[in-house]
Amino acid sequence: MVSSKTNKKKNDVIKFSKMLNDKKLSALRSGNISVRHNNGFLITPSGKKYSSLKVKDIVFVSLDGKYEKKYKPSSEWRFHQDIYVNKKEAKAIVHAHSTCATAVSTHQKTIPAFHYMVAVAGGEDIKCSKYATFGTKNLSRNIIKALKNRTACLIANHGQVAFGENLEKTFELAQEIENICHQYINAIRIGIPKILSKKEMKIVLGKFKNYKKG
């Protein structure tokens with residue numbers, strides 16, 4: 001028998017998966033969402049439109065990558081697995097093919113400190129992982145490297161991923177990343193933006209830490 005706690009988490013995954021569509025962070029069935037659960041995580045299934053998701057569709061994957069074969073998790077379950085293994089503080093993950101983040105990711109470049117809000121991802125810039133085929137272990141390794149000292153990154157020629165202490169805050173972080181990418185695209189249309197110094201970003205990061213504690 002499935003516990004009420006498990007059902008609540010599955011319903012939360014469905015709720016925020018539908019928000020990927022509603023908030024235009026991802027279309028139809030692209031992107032994926034998960035939450036840490038017991039010794040693994042609950043994740044959206046492969047190939048299903050979010051608008052049609054049911055509680056029974058949400059798949060449990062253990063931290064060693066095992067799941068019931070009659071259920072098929074998202075093709076990107078491997079990087080969810082590795083984030084949960086490598087980032088003990090990660091309780092939820094949002095992966096989106098949001099328009100602006102995806103556009104910036106096709107340049108395979110780090111977003112510099114053109115605006116202090118890049119600190120929202122935890123550092124003085126927002127990294128972009130190296131390219132690898134979707135659903136592969138290589139992609140997972142590349143994402144973990146790009147997430148060093150960060151809570152979000154771009155995925156080359158693919159999109160973005162964010163993690164956090166719960167689904168609500170993680171979804172908000174993904175929205176912030178998309179907005180930053182939108183601003184960056186507009187900034188570089190004018191020319192090369194002035195970049196904030198490492199000294200200033202250190203101050204900003206300190207203020208962010210205090211802000212989050214308050």
Exercise. What residues, two or more places apart in sequence or in another chain, satisfy side chain to side chain contact (heavy atoms under 4.5 Å, CB included) together with Asn86?
Worked result: Asp82, Ile144
For this session: Start with the C-alpha distance between Phe60 and Glu68, add both sets of side-chain angles, then the distance that settles side chain to side chain contact (heavy atoms under 4.5 Å, CB included), and finish with yes or no.
Result: CA-CA 8 Å; Phe60 175 77; Glu68 290 186 46; over 6 Å; no
Problem set entry | Test side chain to side chain contact (heavy atoms under 4.5 Å, CB included) applied to Thr170 - qualifying residues, sequence neighbours left out | Ala92, Val94, Ala162
Exercise. Counting only N and O atoms by type, is there a donor-acceptor contact under 3.5 Å from the side chain of Glu124 to the main-chain atoms of Met201?
Worked result: no
Exercise. In Å and rounded to the nearest 0.5 Å, what is the CD to CD1 distance from Gln160 to Ile155?
Worked result: 8.0 Å
Problem set entry | Shared hydrophobic cluster, Val120 / Ile195 (ILVMFWY, side-chain heavy atoms < 4.5 Å) | yes
Exercise. Is a side-chain donor or acceptor of Asn186 paired with a backbone partner of His182 at a separation under 3.5 angstrom?
Worked result: yes
Problem set entry | Asn32 backbone acceptor or donor facing Ser74 side chain under 3.5 Å | no
Exercise. Leu20, Phe134: one ILVMFWY side-chain cluster at the under-4.5 Å cut-off?
Worked result: no
Exercise. Can you list the residues that meet the side chain to side chain contact (heavy atoms under 4.5 Å, CB included) rule with Tyr67, with sequence neighbours excluded?
Worked result: Val59, Val61, Lys69, Pro73, Trp77
For this session: Quick one: list whatever passes ring-ring contact (aromatic ring centres under 6.0 Å, His included) with His95, sequence neighbours left out.
Result: Phe79, His97, His158
Problem set entry | Pairing residues for Gln183 by the side chain to side chain donor-acceptor pair (under 3.5 Å) criterion, not counting sequence neighbours | none
Could you give the side-chain donor-acceptor pairs of residues 106-119 under 3.5 Å, partners two or more places apart or in another chain?
{"unit_1": "Thr106", "atom_1": "OG1", "unit_2": "Ala103", "atom_2": "O", "d": "2.6"}
{"unit_1": "Gln108", "atom_1": "NE2", "unit_2": "Asn157", "atom_2": "OD1", "d": "2.6"}
{"unit_1": "His115", "atom_1": "ND1", "unit_2": "Met117", "atom_2": "N", "d": "2.9"}

Exercise. Who passes salt bridge (Lys or Arg N to Asp or Glu O under 4.0 Å) against Lys169, sequence neighbours left out?
Worked result: Glu165
Exercise. How would you list, by chain and number, every residue that makes a side chain to side chain contact (heavy atoms under 4.5 Å, CB included) with Lys87, sequence neighbours excluded?
Worked result: Ile83, Glu89, Ala90, Leu147, Phe163
Seminar exercise, completed: Quick note, salt bridge (Lys or Arg N to Asp or Glu O under 4.0 Å) partners involving residues 141-160, not counting sequence neighbours, are Asp125-Arg150
Exercise. For Lys56, what residues pass the salt bridge (Lys or Arg N to Asp or Glu O under 4.0 Å) criterion, not counting sequence neighbours?
Worked result: none
For this session: List in chain and number order the residues that pass salt bridge (Lys or Arg N to Asp or Glu O under 4.0 Å) with Lys18, two or more places apart in sequence or in another chain; answer none if no residue qualifies.
Result: none
Exercise. How many angstroms lie between CG in Asp57 and OG in Ser46, if you round to the nearest 0.5 Å?
Worked result: 11.5 Å
Problem set entry | Spatial distance of atom CG (Asn138) from atom CD1 (Ile143) [nearest 0.5 Å] | 11.0 Å
Problem set entry | Short side-chain to backbone donor-acceptor contact, Asn166 and Glu168, under 3.5 Å | yes
For this session: Give, for atom OG1 of Thr6 and atom CD1 of Ile58, the distance between the pair rounded to the nearest 0.5 Å.
Result: 12.5 Å
For this session: Check whether any side-chain N or O of Lys24 sits under 3.5 Å from a backbone N or O of Asn21 as a donor-acceptor pair, and report yes or no.
Result: no
Problem set entry | Thr136 side-chain N/O to Thr133 backbone N/O, donor-acceptor pair under 3.5 Å | yes
Exercise. Do the side chain of Lys9 and the main chain of Arg36 share a donor and acceptor less than 3.5 angstrom apart?
Worked result: yes
Exercise. Would Val55 end up clustered with Leu53 when hydrophobic side chains under 4.5 Å apart are linked, directly or stepwise?
Worked result: yes
Exercise. With sequence neighbours left out, which residue pairs that include part of residues 92-105 fulfil the salt bridge (Lys or Arg N to Asp or Glu O under 4.0 Å) condition?
Worked result: none
